Amino acid sequence: MRTSTPVAVLGLGLMGGALAGAFLRAGHPVTVWNRTAVKADALVARGATLAGSSAAAVAAAPLVVVCVSDYDAVAGILDGPLRGRVVVNLTTGTPSRARALAEEVRRRGGGYLDGGVRPCPKPSAHPRPCSRTAGRGRCTTSTRPP
């Protein structure tokens, strides 16, 4: 029997909320966090767990999906140890910011994938949205859908 990987989603705007919903529909245990906690209410009603902090969300799952406005926002919320975690950052930014964040995540013991989801946000409610990611070997193979 295959078990579903627990997932944490940081950022519950249109895209993050849709992705968290898709993970729930696919049977993954989902922990969510947003600066404005009320944005998690509908997801919690559907079975997600609301974390009290971004660090608690990161600690709850080996796969951490970050979907916030920019890299400065990511730096402000990606708290706690990252050993054993794969961070999938779906934030828009420059290649140099992506490389710097990847290095920071690796320095803290985690794996890093940088990516995006298209088209957005409504089609992301589908369990298999069109997405692209870039990162190093183990991270790319360990996060592929079945």
Side-chain angles (χ1 to χ4, degrees), residues 2-44 46-118 120-121 124-125 127-146:
R2 183 169 192 258
T3 59
S4 295
T5 301
V7 180
V9 179
L10 307 180
L12 299 175
L14 291 174
M15 185 61 67
L19 289 169
F23 285 123
L24 282 169
R25 279 191 305 284
H28 293 271
V30 177
T31 299
V32 294
W33 178 86
N34 196 77
R35 283 179 261 203
T36 307
V38 72
K39 285 191 171 187
D41 288 352
L43 292 163
V44 170
R46 292 173 46 206
T49 300
L50 176 62
S53 67
S54 57
V58 169
L63 180 59
V64 179
V65 178
V66 182
C67 196
V68 295
S69 60
D70 58 34
Y71 280 82
D72 290 335
V74 175
I77 65 169
L78 199 55
D79 296 328
L82 298 175
R83 183 155 310 284
R85 305 289 182 272
V86 174
V87 175
V88 180
N89 181 30
L90 302 177
T91 302
T92 302
T94 65
S96 63
R97 294 292 303 265
R99 285 189 296 273
L101 182 58
E103 183 54 39
E104 172 66 14
V105 169
R106 282 192 290 273
R107 186 185 66 72
R108 293 169 55 195
Y112 181 83
L113 293 173
D114 197 79
V117 178
R118 292 189 252 192
C120 67
S124 294
R128 288 196 177 239
C130 177
S131 64
R132 63 170 172 76
T133 57
R136 292 188 175 171
R138 183 189 61 79
C139 292
T140 59
T141 57
S142 69
T143 57
R144 282 194 184 120

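Please read these numbers as outputs of a predicted model, since none were measured by experiment.
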Whether Arg46 side chain and Leu24 backbone form a donor-acceptor pair below 3.5 Å: no

Side-chain touch Tyr112/Leu101, heavy atoms, less than 4.5 angstrom: yes

Partners meeting side-chain hydrogen bond (donor to acceptor under 3.5 Å, both in side chains) with Ser96 (sequence neighbours left out): Thr94

Using residues 72-81 as the side-chain source, report each donor-acceptor pair under 3.5 Å to any protein atom, sequence neighbours left out, with the distance given to one decimal.
unit_1, atom_1, unit_2, atom_2, d
Asp72, OD1, Arg97, NH2, 2.8
Asp79, OD2, Ser54, OG, 3.2

Flag, side chain of Arg85 to backbone of Ala61, donor-acceptor distance under 3.5 Å: yes

Minimum side-chain heavy-atom gap Arg99-Glu103 below 4.5 Å: no

Test item: Thr49 and Val30 side chains (from C-beta on) under 4.5 Å apart, heavy atoms: no

Residue that, paired with Tyr71, satisfies side chain to side chain contact (heavy atoms under 4.5 Å, CB included) out of Val66, Thr91, Thr92: Thr91

Over all atoms of both residues, closest heavy-atom pair of Ala57 and Ala8: O-CB, 3.2 Å

Audit row: Val58, Leu10, side chain to side chain contact (heavy atoms under 4.5 Å, CB included) steps and yes/no: CA-CA 8 Å; Val58 169; Leu10 307 180; 4.0 Å; yes

Note, Val88 side chain near Val64 side chain (heavy atom, < 4.5 Å): no

Residue pair Val9 / Trp33, side-chain heavy-atom distance below 4.5 Å: no

Rounded distance [0.5 Å steps], CG in Leu63 versus OG1 in Thr31: 11.5 Å

Smallest separation among heavy atoms of Leu43 and Gly21, with atom names: CD2-N, 3.7 Å

Any donor-acceptor N/O pair, Thr36 side chain to Lys39 backbone, under 3.5 Å: no

Side-chain heavy-atom pair Val105, Asn89 within 4.5 angstrom cut-off: no

Shortest non-hydrogen contact from Ala60 toward Pro6: O-CB, 4.2 Å

Side-chain (His28) to main-chain (Val7) donor-acceptor, under 3.5 angstrom: no

Backbone N/O of Leu12 and side chain of Asn34: donor-acceptor pair under 3.5 Å: yes

